[in-house]
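The structure appears right after this line, and notes come after that.
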Amino acid sequence: LDALLAPFMEELLSTWMGQPVEAVVAEFPLKRRGDFRSTNVDHVFVCTTEGNAAPWIFFELKTDARSISDAQFARYAAAMNRGMTALISDLKSLAARSRFKKKYEASVERFSKLQLAGDGIRLVILAPVPVPAAARFGSSAEVRLFTDLATAEVTSYPVEWELFKAHILPVLL
């Protein structure tokens, strides 16, 4: 599902956030405390409007209600509290210690090309059902349901979006 939604995500998030959003990286690693292992956030986006206190977006796609765990959201909360500058520093540490350097180097390079406008992070979750664990984030999180996709407008790939809504979305609902 992730690959099928990818072409539409910038526009969907821009609409939901009420401002332009740009994709930064997929599978962004969040370094665990005390070691050099990580857990990934599905995607990181950035709001391109200046003066935004929380310009970064963690986007998490949940395709199954059983995959929603409090432990995962606790890790996200801890990462969001640290801020994006610290997380990018962690990314560089992971890259330096990894046997799979290329995996991290592309992300490090992508972030190096962006001007850090702010440190704040919001969480946007797209899920089949409401996510009670998101309440811990207060106004820093937003849950969108698959049903929201049925009424969403996408103008960048309108034919493909209508095909997605006609053939893929009904399977998800």
Side-chain angles (χ1 to χ4, degrees), residues 1-30 39-70 72-73 75-77 79-80 83-84 87-88 106-107 109-173:
L1 183 59
D2 200 349
L4 296 173
L5 277 173
F8 314 114
M9 285 314 306
E10 281 186 6
E11 188 170 348
L12 289 169
L13 280 171
S14 293
T15 300
W16 293 339
M17 304 304 291
Q19 57 187 307
V21 169
E22 179 181 323
V24 181
V25 296
E27 298 299 322
F28 180 71
L30 301 176
T39 301
N40 292 341
V41 173
D42 287 342
H43 295 272
V44 174
F45 291 84
V46 65
C47 296
T48 57
T49 304
E50 288 189 34
N52 190 326
W56 302 99
I57 301 168
F58 284 177
F59 176 76
E60 187 66 24
L61 174 63
K62 292 296 182 187
T63 56
D64 185 340
R66 295 170 296 192
S67 73
I68 297 168
S69 80
D70 284 338
Q72 179 182 30
F73 289 118
R75 286 190 294 276
Y76 290 174
M80 291 167 68
M84 206 62 197
L87 299 180
I88 293 169
S107 294
E109 183 178 334
R110 178 73 174 115
F111 279 103
S112 71
K113 293 179 179 178
L114 296 170
Q115 300 256 327
L116 290 180
D119 224 26
I121 304 166
R122 291 185 43 81
L123 174 64
V124 176
I125 304 160
L126 179 60
V129 296
V131 180
R136 79 171 61 206
F137 297 95
S139 63
S140 293
E142 180 174 336
V143 177
R144 290 292 178 154
L145 302 178
F146 289 169
T147 54
D148 294 333
L149 297 175
T151 58
E153 301 272 336
V154 171
T155 59
S156 53
Y157 301 101
V159 172
E160 293 82 356
W161 181 242
E162 291 305 317
L163 287 170
F164 175 88
K165 289 190 338 183
H167 299 285
I168 305 299
L169 191 55
V171 176
L172 301 173
L173 300 177

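One is the number of the first residue; the rest follow in order along the sequence. Keep in mind that the numbers below use all heavy atoms, side chains included, and drop hydrogens, waters and symmetry copies.
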- [ ] Determine, step by step, whether Thr63 and Leu61 satisfy the side-chain contact (heavy atoms from CB on, under 4.5 Å) criterion, reporting the C-alpha distance in whole Å, the side-chain angles of both residues, the deciding distance to 0.1 Å, and the verdict.
- [x] CA-CA 6 Å; Thr63 56; Leu61 174 63; 4.1 Å; yes
Distance in Å, [X] [atom1] paired with [Y] [atom2], rounded so as to fall on 0.5 Å steps:
X      : Y      : atom1 : atom2 : value
Thr48  : Met17  : OG1   : CE    : 11.5 Å
Lys62  : Leu145 : NZ    : CG    : 14.5 Å
Thr15  : Glu10  : OG1   : CD    : 11.5 Å
Asp2   : Leu126 : CG    : CG    : 10.0 Å
Arg144 : Trp16  : CZ    : CH2   : 6.0 Å

Nearest heavy-atom neighbours spanning [X] and [Y]:
X      : Y      : value
Leu4   : Ile168 : CD1-CD1, 4.0 Å
Pro132 : Pro130 : CD-O, 3.4 Å
Met80  : Leu123 : CE-N, 3.8 Å
Ala79  : Ile121 : O-CD1, 4.2 Å
Ser107 : Val25  : OG-CG1, 3.7 Å
Pro55  : Asp119 : CD-N, 4.4 Å

So [Y] and [X], do their side chains get closer than 4.5 Å, heavy atoms only?
X      : Y      : value
Val24  : Trp56  : yes
Leu12  : Val154 : yes
Leu172 : Leu1   : yes
Trp161 : Leu149 : yes
Phe58  : Val44  : yes
Val21  : Ile57  : yes
Thr49  : Pro20  : yes

Task: Distance-only polar pair, side chains of Glu60 and Tyr76, donor-acceptor under 3.5 Å - done: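 A donor-acceptor contact under 3.5 Å links the two side chains.
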TODO: Return yes if a side-chain donor-acceptor contact under 3.5 Å exists between Ser14 and Gln19, otherwise no.
DONE: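 Their side chains do not contain a donor-acceptor pair, so the 3.5 Å distance test is not met.
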Task: Plane angle bin for Phe164 and Phe8 - parallel if under 30°, tilted between 30 and 60°, otherwise perpendicular - done: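 If you compare the ring of Phe8 with that of Phe164, the planes turn out tilted.
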Open item on the list: In terms of relative ring orientation, are Phe59 and His43 parallel, tilted or perpendicular, with 30° and 60° separating the classes?
Closed with: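 Correct class here is tilted.
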Open item on the list: Using the ring centroid of each side chain, check whether Phe28 and Phe45 are separated by less than 6.0 Å.
Closed with: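 Between Phe28 and Phe45, the centre distance exceeds or equals 6.0 Å.
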Open item on the list: Does Glu11 form a side-chain hydrogen bond (donor to acceptor under 3.5 Å, both in side chains) with Thr155? I'd like the steps, not just the answer.
Closed with: CA-CA 8 Å; Glu11 188 170 348; Thr155 59; 2.9 Å; yes
Task: Full working for side-chain contact (heavy atoms from CB on, under 4.5 Å) between Asp42 and Glu27 - done: CA-CA 5 Å; Asp42 287 342; Glu27 298 299 322; 4.0 Å; yes
Task: Salt-bridge present (Glu22, Arg110; N to O < 4.0 Å) - done: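 Salt bridge between Glu22 and Arg110, a charged N being under 4.0 Å from a carboxylate O: yes.
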TODO: Evaluate the criterion side-chain contact (heavy atoms from CB on, under 4.5 Å) for residue pair Leu30 and Asn40; output intermediate values, then yes/no.
DONE: CA-CA 6 Å; Leu30 301 176; Asn40 292 341; over 6 Å; no
